[in-house]
Amino acid sequence: MIEQIKKDFGNQNNILYVVSAGPMSEVIIAKLYENNKNNCYIDFGSSIDSFIHQKLTRTYMNENSNYAKQNCYMLKEYNLDVGVVLTAYKKPQNLRMQLEAIKNQTIKPKEILLFQDGIAQDYRIHFNDDLLKEFDVVKICDQNYGVWERFDFARKEVKSKYVCIFDDDTIPGSRWLENCLTQMCVQEGLYGTIGIVLINPENYPNSKDYFRVGWDGNLNYTAKVDFVGHSWFLKTEWLDYMFEDTDKFQEFKVVGEDIALSYKLKQKGIETFVPPHPYDNQELWGSYKKYAQTLGVDVNAVSLNPDNMTKMNCAMKKIIKDGFKAISQTDRDYIFNLRKNLDKYYMHNNVKKYEANRKSIIRKKFTN
């Protein structure tokens, strides 16, 4: 059979070979690849069993199983059309760690840019020249423009099709860009590290009136949210929408950019999501939990400033007045199921964690 395939097609290039022959698939593919390396050979295996045998033969065929939602992972580095923008502001001590996290991504960014907003106080941060050379574009502002400016910088300077903009206290897992890009192929949208789901939008950021999804609120599937923060992954060209008739929101300067971005994209039919953050695989997360819980709560955190909290509420009310509607106002069933799944996933993972700890304690006692 292999010799016949070689005779019929062996000299042709750019052919996709679909193989489903049980344990013989590897042998067939190896021989055909050895004959001609200019084709693509895929072992489809049991993935077509539902057509051949008229039944599901593997767990991953059940769309509700964890296996069905799992990303395929190839141990290979890819260079795709993604640009990354890092910001420094008052936390330059995080920059080297952030840069290393970006360079260690399974999908290597095509370009890495640095934006540092000016600091209002009478001091400046001086970056090491060797560090600055590791960036493709650097902009260090001589005055404070606020949180909107980095998005304007990104839309003007990033050349890649996709961009991921990071807060200065966000350290992503090594598969974060891969995770976002994978989900982008399934559903185009804005993807972020932490998602906010509003219950009573007019009271935001009162903690009782919203809940979070992402590194702080694990789910093993992609969830639609009202807006995202900590990092933003999207098509670079979409950043233009953020600056269409948003002067009234930009007046808040240090807040409101995250809400406005999702709001303007939604007007164009583009939804906001948080990709899967499975409890047991932080490499897929937009931020390692240990860093998110420490780097994001120091004295320089914008979101912890009481004055900024008041501004956030004012920005939210102005966007609501402009026409923004939260998911909870249009799809209560979705919100109910999302919260139920968060609780179920939380309980499931705590049981797994408890069992792992219990077995570890038993093993230690047995060893002793």
Side-chain angles (χ1 to χ4, degrees), residues 63-64 69 151 164-165 167 179-180 182-235 238-239 241-242 244-246 248-249 252 255-279 284-287 303 309 311-346:
E63 63 180 16
N64 295 316
K69 295 180 171 64
F151 291 89
C164 192
I165 303 167
D167 277 346
N179 195 8
C180 291
T182 299
Q183 300 310 313
M184 182 71 84
C185 292
V186 176
Q187 171 69 65
E188 287 195 340
L190 166 63
Y191 288 85
T193 294
I194 199 78
I196 301 298
V197 182
L198 299 163
I199 303 302
N200 297 303
E202 66 280 357
N203 293 337
Y204 180 79
N206 186 325
S207 60
K208 295 180 180 179
D209 294 293
Y210 71 92
F211 61 92
R212 310 208 298 181
V213 178
W215 66 260
D216 183 24
N218 300 128
L219 287 172
N220 62 348
Y221 64 90
T222 293
K224 185 168 68 172
V225 296
D226 287 309
F227 63 95
V228 290
H230 298 197
S231 79
W232 298 260
F233 183 100
L234 69 161
K235 284 187 175 180
W238 292 348
L239 288 172
Y241 302 146
M242 185 179 183
E244 292 181 359
D245 190 30
T246 56
K248 52 184 174 292
F249 307 138
F252 292 101
V255 300
E257 85 292 5
D258 46 7
I259 308 167
L261 176 57
S262 290
Y263 172 49
K264 298 305 290 187
L265 290 182
K266 193 165 187 175
Q267 288 181 331
K268 305 292 183 179
I270 303 165
E271 298 287 357
T272 299
F273 303 94
V274 174
H277 278 67
Y279 175 82
L284 290 168
W285 292 17
S287 178
S303 60
M309 299 280 278
K311 289 180 181 179
M312 286 180 195
N313 183 252
C314 293
M316 176 61 77
K317 287 179 178 176
K318 181 164 282 193
I319 287 178
I320 291 172
K321 187 177 181 180
D322 196 69
F324 169 83
K325 286 188 179 298
I327 300 172
S328 60
Q329 296 172 290
T330 59
D331 194 346
R332 289 191 174 275
D333 288 342
Y334 172 81
I335 300 299
F336 174 80
N337 289 324
L338 184 62
R339 297 196 81 158
K340 184 172 69 173
N341 288 337
L342 278 169
D343 291 341
K344 183 169 65 176
Y345 200 52
Y346 175 79

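Values below: all heavy atoms of this structure, side chains included; hydrogens, waters and symmetry mates excluded.
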Engineer: Any donor-acceptor pair under 3.5 Å linking the side chain of Asn313 with the backbone of Glu202?
Structural biologist: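 Side chain of Asn313 to backbone of Glu202: a pair is present.
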Engineer: Please name the pair of heavy atoms, one in Val255 and one in Ala315, separated by the smallest distance, quoted to 0.1 Å.
Structural biologist: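 The answer is CG2-CB, 4.4 Å.
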Engineer: With a 4.5 Å heavy-atom cut-off, do Lys235 and Glu188 have their side chains touching?
Structural biologist: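 Touching, per the 4.5 Å side-chain cut-off.
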Engineer: What about the rings of Trp232 and Phe151, do their centers lie closer together than 6.0 Å?
Structural biologist: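 That pair passes the under 6.0 Å test.
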Engineer: Sub-3.5 Å donor-acceptor pair from the side chain of Tyr241 to the main-chain atoms of Lys266, do we have one?
Structural biologist: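 A pair under 3.5 Å: no.
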Engineer: Step by step, work out the side chain to side chain contact (heavy atoms under 4.5 Å, CB included) result for Lys318 and Phe252.
Structural biologist: CA-CA 10 Å; Lys318 181 164 282 193; Phe252 292 101; 3.9 Å; yes
Engineer: Strictly distance-based, threshold 3.5 Å: is any side-chain N or O of Lys264 a donor or acceptor partner for the main-chain N or O of Glu244?
Structural biologist: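 Side chain of Lys264 to backbone of Glu244: a pair is present.
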Engineer: Do you know which two heavy atoms are closest between Trp285 and Pro278, and how far apart they sit?
Structural biologist: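 What the structure gives for the nearest pair is NE1-O, 2.8 Å.
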Engineer: Might you point out which heavy atoms bring Tyr345 and Tyr279 nearest each other, and give the distance in Å?
Structural biologist: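 That would be OH-N, 3.3 Å.
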Engineer: When you compare the side chain of Arg212 with that of Ile196, does any pair of heavy atoms fall below 4.5 Å?
Structural biologist: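 In contact.
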Engineer: When rounded to the nearest 0.5 angstrom, what is the spacing between CG in Asn218 and CG in Leu342?
Structural biologist: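 Here the rounded value is 8.5 Å.
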Engineer: What are the two closest non-hydrogen atoms of Gly189 and Trp238, and how far apart are they?
Structural biologist: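 In this case the closest contact between Gly189 and Trp238 is O-CZ3, 3.3 Å.
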Engineer: Is a side-chain donor or acceptor of Asn337 paired with a backbone partner of Asp333 at a separation under 3.5 angstrom?
Structural biologist: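 Yes; at least one donor-acceptor contact below 3.5 Å.
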Engineer: If you round to the nearest 0.5 Å, how far is CD1 of Ile319 from OG of Ser262?
Structural biologist: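 Going from OG on Ser262 over to CD1 on Ile319, the span is 9.5 Å.
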Engineer: Give, for atom CD1 of Ile270 and atom CG of Leu234, the distance between the pair rounded to the nearest 0.5 Å.
Structural biologist: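 CG of Leu234 is found 8.5 Å from CD1 of Ile270.
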Engineer: Does the side chain of Pro276 come within less than 4.5 Å of Leu284's, by heavy atoms?
Structural biologist: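 Of all side-chain heavy-atom pairs linking Pro276 with Leu284, none is under 4.5 Å.
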Engineer: Has the side chain of Ser328 got a donor or acceptor atom that lies under 3.5 Å from a matching backbone atom of Leu198?
Structural biologist: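 Checked: pair present.
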Engineer: Go through the steps for Phe211 and Leu338 under the test side chain to side chain contact (heavy atoms under 4.5 Å, CB included), then give the verdict.
Structural biologist: CA-CA 10 Å; Phe211 61 92; Leu338 184 62; 3.9 Å; yes
Engineer: Using the side chain to side chain contact (heavy atoms under 4.5 Å, CB included) rule, take Ile335 and Val197 through it: C-alpha gap first, then chi angles, then the decisive distance, then the call.
Structural biologist: CA-CA 8 Å; Ile335 300 299; Val197 182; 3.4 Å; yes
Engineer: Under the 3.5 angstrom rule, does the side chain of His277 hit a backbone N or O of Gly286 as a donor-acceptor pair?
Structural biologist: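 Yes, because the side chain of His277 sits within donor-acceptor range (under 3.5 Å) of the backbone of Gly286.
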Engineer: If you take all heavy atoms of Pro201 and Gln329, which pair is closest and at what distance?
Structural biologist: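 Looking at all heavy atoms of both residues, the closest pair is CG-OE1, 4.0 Å.
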Engineer: Kindly say whether the aromatic ring centers of Tyr204 and Phe227 come within a distance under 6.0 Å.
Structural biologist: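 Yes - the distance between ring centres of Tyr204 and Phe227 falls below the 6.0 Å cut-off.
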Engineer: For the atom pair CE (Met242) and CG (Leu261), what is the distance rounded to the nearest 0.5 Å?
Structural biologist: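 Met242 CE to Leu261 CG: 5.0 Å, rounded to 0.5 Å.
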Engineer: Please evaluate residues Ile199 and Arg339 with respect to the criterion side chain to side chain contact (heavy atoms under 4.5 Å, CB included), reporting the C-alpha separation (whole Å), side-chain torsions for both, the decisive distance (0.1 Å), and the verdict.
Structural biologist: CA-CA 11 Å; Ile199 303 302; Arg339 297 196 81 158; 3.9 Å; yes
Engineer: Under the 3.5 angstrom rule, does the side chain of Asn203 hit a backbone N or O of Asn206 as a donor-acceptor pair?
Structural biologist: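 Checked: no pair found.
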Engineer: Hey, could you give me the CE/CZ distance between Met184 and Phe273, rounded to the nearest 0.5 Å?
Structural biologist: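 Going from CE on Met184 over to CZ on Phe273, the span is 9.5 Å.
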Engineer: Taking everything shown except Lys248 itself, do over 12 heavy atoms lie less than 6.0 Å from its NZ?
Structural biologist: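 Yes - once you tally the heavy atoms of other residues, nucleotides and ligands closer than 6.0 Å, there are more than 12.
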Engineer: Which atom pair, heavy atoms only, marks the closest approach of Val274 to Val213?
Structural biologist: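 That closest heavy-atom pairing would be CG2-O, 3.8 Å.
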Engineer: Under 4.5 Å between any side-chain heavy atoms of Ile194 and Trp215, yes or no?
Structural biologist: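 Yes. Closest side-chain heavy atoms under 4.5 Å.
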Engineer: Taking the side chain as every heavy atom from C-beta outward, state whether Val228 and Tyr191 have any pair of such atoms under 4.5 Å apart.
Structural biologist: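 Counting from C-beta outward, Val228 and Tyr191 never come under 4.5 Å.
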Engineer: Side-chain contact, heavy-atom cut-off 4.5 Å: Tyr334 with Arg332?
Structural biologist: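 Contact flag for Tyr334/Arg332 side chains = no.
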Engineer: To the nearest 0.5 Å, how far apart are CG in Asp226 and CE in Met316?
Structural biologist: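 If I round to the nearest 0.5 Å, the distance is 7.5 Å.
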